[in-house]
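Everything on this sheet refers to the single structure shown next.
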Amino acid sequence: MGRQDSRSVVKKMAREKRRIKKIDNITARQVTFSKRRRGIFKKAGELSVLCDADVALIIFSATGKLFEFSSSRMRDILGRYNLHASNINKVMGLPSPYHQLEDCNLSRLSQEVEDKTKQLRKLRGEDLEGLNLEELQRLEKMLESGLSRVSEKKGEFLMSQISSLEKRGSELVDENRSLRERVVTMEMAKTMALKEAVETESATTNVSSYDSGAPLEDDFSDTSLKLGLPSWE
């Protein structure tokens with residue numbers, strides 16, 4: 001009987017539905033939002049694949065951040081929705097209750113825009129007079145979280161810039177080394193060409209000197225014969 005009672009208690013607890021209400025703890029609310037958002041996006045993707053349907057989801061977080069999912073281009077799906085709604089309105093017309101519903105939705109959206117505007121002003125440090133201590137602490141945590149993300153993004157940007165500059169500096173060093181090697185090669189080629197020119201000119205001078213010395217011996221021999229000098233032959 002004890003086992004059966006425990007099993008019935010477990011089944012009863014499993015059948016009990018969890019009460020849906022706003023989560024007061026900010027951290028727990030953010031964690032739940034992140035998990036549920038990923039879950040609903042996953043289900044939307046499965047629905048699109050299983051049923052070959054175009055699915056689009058748009059979610060605004062409590063801080064006003066936009067999250068969206070679409071099985072195809074979001075703009076195309078929204079265009080089809082607007083066209084479909086426009087065609088229905090033209091064909092069937094909007095009776096009075098629908099006009100009232102449209103006005104109600106417009107009023108609700110206007111109120112949401114106003115609330116988001118007030119929240120943005122508070123994040124800027126404006127209109128803080130009516131806030132109590134808990135609301136100020138909540139606002140402070142939001143600002144600290146946002147500042148932390150901004151600092152992290154700033155650090156990533158600076159590291160990227162430093163990496164890019166280091167890469168460019170390495171490229172400049174390689175270019176400078178290549179230019180120096182080219183200059184040395186050109187100087188060596190110039191020196192070799194100058195050396196070859198000097199050697200060629202020296203060889204030409206020696207040959208000319210040798211050619212000009214031969215007739216002097218002939219002249220001396222002829223002179224000796226004319227003066228009656230003894231021949232050395």
Side-chain angles (χ1 to χ4, degrees), residues 7-124 135 138-139 141-157 159-160:
R7 290 177 180 176
S8 62
V9 170
V10 171
K11 291 181 179 179
K12 183 178 179 181
M13 293 177 62
R15 288 194 299 267
E16 290 181 353
K17 293 183 178 180
R18 182 178 180 181
R19 183 182 176 185
I20 302 298
K21 64 177 182 178
K22 180 180 177 180
I23 301 175
D24 295 330
N25 186 277
I26 298 177
T27 303
R29 186 164 64 234
Q30 292 177 347
V31 172
T32 302
F33 173 79
S34 179
K35 291 182 178 179
R36 294 295 182 93
R37 187 191 74 247
R38 289 195 296 266
I40 194 172
F41 282 174
K42 181 179 179 181
K43 292 297 182 182
E46 293 175 354
L47 176 63
S48 173
V49 174
L50 293 174
C51 302
D52 192 22
D54 280 339
V55 181
L57 290 177
I58 299 176
I59 299 176
F60 284 96
S61 66
T63 58
K65 188 175 182 179
L66 171 65
F67 299 91
E68 62 180 38
F69 167 84
S70 59
S71 56
S72 59
R73 291 184 60 186
M74 175 67 74
R75 182 176 298 179
D76 294 341
I77 297 178
L78 293 178
R80 289 176 57 188
Y81 169 78
N82 292 331
L83 180 62
H84 181 73
S86 177
N87 291 335
I88 291 178
N89 294 338
K90 290 179 181 179
V91 174
M92 300 181 61
L94 291 176
S96 179
Y98 288 96
H99 280 293
Q100 295 177 359
L101 179 60
E102 185 178 13
D103 294 339
C104 180
N105 291 334
L106 180 60
S107 177
R108 179 177 58 83
L109 291 175
S110 299
Q111 184 62 40
E112 290 181 1
V113 171
E114 184 179 355
D115 293 340
K116 296 300 182 183
T117 303
K118 290 181 179 179
Q119 186 177 13
L120 181 60
R121 291 177 63 86
K122 291 176 182 178
L123 291 174
R124 292 176 177 174
E135 291 173 339
R138 187 183 303 114
L139 181 61
K141 290 182 179 180
M142 291 174 60
L143 291 172
E144 290 176 352
S145 177
L147 182 60
S148 176
R149 289 194 294 269
V150 171
S151 299
E152 182 179 356
K153 192 65 178 179
K154 179 182 177 181
E156 293 176 357
F157 179 78
M159 291 301 296
S160 176

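Residue numbers run from 1 in the order of the sequence given. Hydrogens, waters and symmetry mates are skipped; everything else that's a heavy atom, side chains included, is used.
- Within the model, atoms CZ of F67 and CZ of R38 stand 10.0 Å from one another, a figure rounded to the nearest 0.5 Å.
- Enclosure of atom CZ in R138 by more than 12 non-hydrogen atoms of other residues, nucleotides or ligands within 6.0 angstrom is indicated.
- The minimum heavy-atom distance between D54 and I77, with the atom names listed, is CB-CD1, 4.2 Å.
- Taking OG1 of T32 as the start and CZ of R37 as the end, the distance is 12.0 Å to the nearest 0.5 Å.
- With hydrogens and angles disregarded, no donor-acceptor distance shorter than 3.5 Å links the side chain of S160 to the backbone of E156.
- Going from atom CD of E144 over to atom OG of S151 covers 11.5 Å, rounded to the nearest 0.5 Å.
- The distance from the CZ atom of F41 to the CD1 atom of I59 is 4.0 Å, given to the nearest 0.5 Å.
- Within 6.0 Å of the CZ atom in R29, the count of heavy atoms belonging to other residues, nucleotides or ligands exceeds 12.
- Remark: K43 NZ to L50 CG distance equals 9.5 Å, nearest 0.5 Å.
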Problem set entry | Pair I58-M74, side chain to side chain contact (heavy atoms under 4.5 Å, CB included): steps then yes or no | CA-CA 10 Å; I58 299 176; M74 175 67 74; 4.2 Å; yes

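- Atom CG of N25 has more than 12 heavy atoms from other residues, nucleotides or ligands within 6.0 Å.
- Summarising the local packing, CG of L47 is surrounded by more than 12 heavy atoms from other residues, nucleotides or ligands at distances under 6.0 Å.
- A donor-acceptor pair is defined here as one N or O able to donate and one able to accept, closer than 3.5 Å; such a pair exists between the side chain of S48 and the backbone of A53.
- Atoms CD and OG, from Q30 and S145 in turn, are 6.0 Å apart once rounded to the nearest 0.5 Å.
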For this session: List the steps and the verdict of side chain to side chain contact (heavy atoms under 4.5 Å, CB included) for T63 and M142.
Result: CA-CA 8 Å; T63 58; M142 291 174 60; 3.8 Å; yes

